[in-house]
Protein chains: 2
Amino acid sequence: MSTQRSYRQHCGLARALDVLGERWSLLILRELLLGPRRYGDLAADLPGIGTNLLATRLRSLEEAGVLRRTTLPAPANVPVYELTERGEGLRPVLEELALWGYDLLPAEPAGEVATRASWAAMTMGAVLDRTDTTGLEGTFAFSVGDELFYVTVADDAARVHQGVPPAAEAHATTDPATFFAIADGRLSPRQAMRDGLLVVDGDRRLLGRLLAGFHLPARAAA
Amino acid sequence: MSTQRSYRQHCGLARALDVLGERWSLLILRELLLGPRRYGDLAADLPGIGTNLLATRLRSLEEAGVLRRTTLPAPANVPVYELTERGEGLRPVLEELALWGYDLLPAEPAGEVATRASWAAMTMGAVLDRTDTTGLEGTFAFSVGDELFYVTVADDAARVHQGVPPAAEAHATTDPATFFAIADGRLSPRQAMRDGLLVVDGDRRLLGRLLAGFHLPARAAA
DNA sequence: CGGAATCCTCTTCGATACTG
DNA sequence: CAGTATCGAAGAGGATTCCG
């Protein structure tokens, strides 16, 4: 079938791009960085991809050993796609590239642009992952609109996962507008709580400390 | 002209891919990581690109502020393309991605595959850049077949540049086969010198120490 | 109903030829 | 030397249909 288009260069970068360089591939992997996902959820979170192209990309990424198709343990028993270890190895690359691109992003979403709190959270996770997190260890759940995700801070890795954690030090509930306002520093968590826009269950102090590091990057001067 | 195809997602990664995600773009930037290049040289080092596509990419990358078109100072006075600071900011991303892809590369170039010592050198530079280089500071020139490049090791940055350095601690001359054999550890520099396959001018000891760190990455087990 | 394969149109790519 | 013009081939996007 696929003629396997290739740059035909004996070079690591060219080889990486042979595998990852086609349209949508890295965005599929971005979604999987948040955890295993179902086909339909991937399609929903990648508006515009078209179901045929999603299937094609998933197949070629699976062939390349970057992701695998598997089945969630009972009682879920649903088929999902998840990163392999090789795919997980792309996390630093995708985080760096996201941070680089964040600087090119307009301050406000303009026009018909899809927005997800979890995309911002991934960028925030990249920031947190590059700072000292001692004393912040724990799990922090977020409900933002209809999105559910959580942040885990361990020894020296910070990760954002989609879904609901088994347990958490704190659970924050808010709406997207408030979430983004806090994330880029326009609103303090303290003020948001006072106004009833941010509701926190659990360890408020620790969540407050988390939010000091879990935010969008400073933007370069225009 | 170009409808500026975009993923239309308010996400750093998606934005980065809007700018860099099209075919050939990152390979053009790879070439520019080695220094300013002329249009014709880019075309020659990217076999298969097609001159129209090269022109289109250069234009859009210039518009994105990743590279600029400029003129080399007299007496050269030739037009070249070079990275902007924003483009230079992609170096860590490209190095990480190249290291990731290097692992997928077959041990031997198979079939009709272009090979350049400078591509390997870039990967080797990425390795060197991630190790401690104290005591290795200096400039080291290489002539490999018809390729000329040099490695600079400063405080804690190692870089590979195309061309001839103003001055160097040592100058190594060899053929591609010997260079690759040394680079991936199949041949010791010492042995290559004894066999007359590697000729070194200047500080042999320091060059020998450089080559201890300037090599291709260890390959993951198959 | 979720997970794809098919079909059709439009855009992009690749190769060569051509021009200032 | 540094690009632009052109054109057939391949890829992407969208809707619909098929399969379990």
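Throughout, a chain's letter reflects where its sequence line sits, starting with A, and its residues are numbered from 1. Being a predicted model, the structure only gives us computed values, none of them experimental.
Remark: the backbone N or O of Gly48(A) is not paired with any side-chain donor or acceptor of Trp24(A) at under 3.5 angstrom.
Distance CZ (Arg57(A)) to C1' (dA5(C)): 16 Å, rounded to an integer number of Å. The CG-P distance, from Leu54(B) to dT4(D), rounds to 10 Å in whole Å. Between the CG atom of Leu58(A) and the C1' atom of dA4(C) there is a distance of 10 Å, rounded to whole Å. Whole-Å rounding puts the Leu42(B) CG to dG3(D) C1' distance at 13 Å. The nearest whole Å value for the distance from the CD atom in Glu62(B) to the P atom in dA2(D) is 15 Å. What separates CZ of Arg37(A) from P of dG2(C) is a distance of 15 Å, to the nearest Å. Residue Leu53(B) contributes atom CG, which lies 13 Å from atom C1' of dG11(D) at whole-angstrom precision. Remark: P of dG11(D) and CZ of Arg5(B) are 13 Å apart, rounded to the nearest angstrom.
Counting heavy atoms from C-beta on, the side chains of Val151(B) and Met124(B) never come closer than 4.5 Å. Under the 4.5 Å side-chain criterion, counting only non-hydrogen atoms from C-beta, Arg15(A) is in contact with Val19(A). Residues Leu26(A) and Val93(A) are not in side-chain contact: their nearest non-hydrogen atoms beyond the backbone lie 4.5 Å or more apart. The side-chain heavy atoms of Leu207(B) and Glu169(B), taken from C-beta on, include no pair separated by under 4.5 Å.
Between Trp24(B) and the phosphate of dT12(C), there is no side-chain N or O to OP1/OP2 separation shorter than 4.0 Å. Within the 4.0 Å cut-off from OP1 or OP2 of dA4(C), at least one side-chain nitrogen or oxygen of Arg69(A) is found. Contact annotation: Arg59(B) reaches the phosphate of dT4(D) (side-chain N/O to OP1 or OP2, under 4.0 Å). In this model, the phosphate group of dA2(D) is approached by a side-chain N or O of Arg38(B) to a distance below 4.0 Å at OP1 or OP2. For dG2(C), the OP1/OP2 oxygens have no side-chain nitrogen or oxygen of Tyr81(A) closer than 4.0 Å.
Looking at which nucleotide of DNA chain D each of Thr51(B) and Arg23(A) is closest to, the 5′-most match is held by Thr51(B). Of the two residues contacting DNA chain C, namely Tyr7(A) and Val78(A), the nearest-nucleotide position lying further toward the 5' end is that of Val78(A). Mapped onto DNA chain D by nearest heavy atom, Asp41(B) and Asn52(B) fall at different nucleotides, with Asp41(B) at the one closer to the 5' end.
For Ala55(B), the side-chain atoms get nearest to dT4(D) when compared with the rest of dA5(C), dT4(D), dT12(C).
The residue Gly40(B) sits close only to the backbone: its heavy atoms come under 4.0 Å of sugar-phosphate atoms, none of a base.
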